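Encoded as structure tokens, the structure appears first; notes follow it.
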Protein chains: 2
Amino acid sequence: MFKKLDPLLHSELRLAVMSVLLGLKDADFNYIKEQTQATAGNLSVQLDKLAQAGYISVEKGFEGKRPKTTCRITPAGIQAFENYVESLKDYIKR
Amino acid sequence: MFKKLDPLLHSELRLAVMSVLLGLKDADFNYIKEQTQATAGNLSVQLDKLAQAGYISVEKGFEGKRPKTTCRITPAGIQAFENYVESLKDYIKR
DNA sequence: TAATTTGGTTTATATTATAAACTTATTTAT
DNA sequence: ATAAATAAGTTTATAATATAAACCAAATTA
């Protein structure tokens, strides 16, 4: 009846991050931070979890002399997101 | 951008409970337990939280000599559910 | 009358989310 | 030149949540 919801995506901030990344080729740490209104600490932790799961890739580089972290959703991430949305329908269909 | 998701509803089991109750006039503890595949302990706790929030009403009575707990979604619960679904759209629109 | 089942509740534990504190390097001001 | 402020994160400590295991009381069955 109710499909299990992927616990990695069933989190307000991680879902928002995925939502931001879905629309874009990539996005840097601070852009995601602004869009999601997250604190840096929380965002850092949640990005790690998404990266561990292989749902996003995280590239740490530099822009000029400043560090710059760029994130990108992976094919596995897109698939997981789609599965999550599909599962959610069991719960919210009227 | 991303509306805050009601933390009471952003829970797999509580959302499933609300989903079950939305379709029905009322439902007893064990019916909800079957539908959601929850353990009794977990269900008991989550029903309490939904009742505390005023999203459901819980009536403890008897059927013959056996205790029987009947739950019903309240108007506030219906409204909260609808708001939750509306907020979710920010996150899952493609 | 002893064991089992029903219908739950309470409590303990594991997991998660979050913010606060911290680190390292870079600018800016003095 | 150096002190203060800012940027870009990370680590750690705490609070909140979810969950299952243990428990309880009454009823039923063996």
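A quick note: this is a predicted structure, and the numbers were derived from the prediction, not measured. Throughout, a chain's letter reflects where its sequence line sits, starting with A, and its residues are numbered from 1.
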Can you check the [X] [atom1] to [N] [atom2] distance for me, whole Å?
{"X": "B:E12", "N": "C:dA17", "atom1": "CD", "atom2": "P", "answer": "13 Å"}
{"X": "A:L15", "N": "C:dA17", "atom1": "CG", "atom2": "P", "answer": "12 Å"}
{"X": "B:K33", "N": "C:dG8", "atom1": "NZ", "atom2": "C1'", "answer": "10 Å"}
{"X": "B:K4", "N": "C:dT18", "atom1": "NZ", "atom2": "C1'", "answer": "11 Å"}
{"X": "A:L13", "N": "C:dA19", "atom1": "CG", "atom2": "P", "answer": "9 Å"}
{"X": "B:Q37", "N": "D:dA20", "atom1": "CD", "atom2": "P", "answer": "12 Å"}
{"X": "B:L47", "N": "C:dG7", "atom1": "CG", "atom2": "P", "answer": "15 Å"}
{"X": "A:L8", "N": "C:dT16", "atom1": "CG", "atom2": "P", "answer": "8 Å"}

**OP:** For A:Q52, check side-chain hydrogen bond (donor to acceptor under 3.5 Å, both in side chains) against everything at least two apart and list the hits.
**Re:**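 None.
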**OP:** Determine: side-chain N/O of B:N30 to OP1/OP2 of C:dG8, distance under 4.0 Å, yes or no.
**Re:**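 For B:N30, the contact criterion (side-chain N or O under 4.0 Å from OP1 or OP2 of C:dG8) is met.
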**OP:** Examine D:dT19: is either OP1 or OP2 under 4.0 Å from a nitrogen or oxygen in the side chain of B:T39? Give yes or no.
**Re:**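 Indeed not, no polar side-chain atom of B:T39 lies that close.
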Output one line per pair: protein atom, nucleotide atom from nucleotides 10-17 of chain D, and distance, for all N/O pairs under 3.5 Å.
| from | atom 1 | to | atom 2 | distance (Å) |
| --- | --- | --- | --- | --- |
| D:dT10 | OP1 | A:K60 | NZ | 2.3 |
| D:dT10 | OP2 | A:S44 | OG | 2.6 |

Original post:
Looking for any heavy atom pair under 4.0 Å, which part of the strands does B:Q46 touch: base, sugar-phosphate only, or nothing?
Top reply: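 Base contact.
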For [X], check salt bridge (charged side-chain N to carboxylate O under 4.0 Å, His left out) against everything at least two apart and list the hits.
{"X": "B:K60", "answer": "none"}
{"X": "B:K25", "answer": "none"}
{"X": "B:D48", "answer": "none"}

**OP:** Specify the closest pair of heavy atoms between A:S57 and A:T74, including all atoms of both residues, with the distance to one decimal.
**Re:**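 In this case the closest contact between A:S57 and A:T74 is N-CG2, 3.8 Å.
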Exercise answer: donor-acceptor pairs, residues 3-10 of chain B side-chain atoms, under 3.5 Å, sequence neighbours excluded:
| from | atom 1 | to | atom 2 | distance (Å) |
| --- | --- | --- | --- | --- |
| B:K3 | NZ | B:D90 | OD1 | 3.4 |
| B:K3 | NZ | B:D90 | OD2 | 3.4 |
| B:K4 | NZ | A:E12 | OE1 | 3.3 |
| B:D6 | OD1 | B:L8 | N | 2.9 |
| B:D6 | OD2 | B:Y55 | OH | 2.6 |
| B:H10 | ND1 | B:Y84 | OH | 2.8 |

Original post:
Of A:G64 and B:D28, whose nearest nucleotide on DNA chain C comes first from the 5' end?
Top reply: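 Residue closer to the 5' terminus by nearest nucleotide: B:D28.
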**OP:** Hey, which sits more toward the 5' end of DNA chain C by its nearest nucleotide, B:T70 or A:A38?
**Re:**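 Of the two residues, B:T70 wins.
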**OP:** For residues 35-44 of chain B, pull every pair meeting side chain to side chain donor-acceptor pair (under 3.5 Å), keeping only residues two or more places apart or in separate chains.
**Re:**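 Non-adjacent pairs meeting side chain to side chain donor-acceptor pair (under 3.5 Å): B:N42-B:Q46.
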**OP:** Return the angle between end axes of the helix from C:dT1-D:dA30 to C:dT30-D:dA1, with five pairs used per end and rounding to 10°.
**Re:**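 Its terminal axes enclose an angle near 10°.
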**OP:** Can you sort out the partners of A:A27 under side chain to side chain contact (heavy atoms under 4.5 Å, CB included), two or more places apart, ordered by chain and number?
**Re:**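 Testing A:A27 for side chain to side chain contact (heavy atoms under 4.5 Å, CB included), a comparison that skips the adjacent residues, returns A:L21, A:L24, A:Y31, A:I32.
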Original post:
Which residue pairs pass the salt bridge (charged side-chain N to carboxylate O under 4.0 Å, His left out) test with at least one member in residues 62-74 of chain A, sequence neighbours excluded?
Top reply: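 Checked against salt bridge (charged side-chain N to carboxylate O under 4.0 Å, His left out) - neighbours excluded - the pairs reaching residues 62-74 of chain A are A:D26-A:R72, A:D28-A:K68, A:E63-A:K68.
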**OP:** Using ring pair (Phe, Tyr, Trp, His ring centres under 6.0 Å) as the criterion, list what pairs up with B:F2, not counting sequence neighbours.
**Re:**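 Once residues adjacent in sequence are excluded, the partners of B:F2 under the ring pair (Phe, Tyr, Trp, His ring centres under 6.0 Å) criterion are B:Y91.
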Original post:
Just by protein heavy atoms under 4.0 Å, how would nucleotides 24-30 of chain D read 5' to 3' in B, S and -?
Top reply: ---SS--
Subject >> Expected output: side-chain B:T69 to main-chain B:F29 donor-acceptor under 3.5 Å >> reply: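 Not a single qualifying donor-acceptor pair exists.
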Original post:
Is there a donor-acceptor pair under 3.5 Å between the side chain of B:S19 and the backbone N or O of B:L15?
Top reply: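 Here the side-chain-to-backbone pair does not exist.
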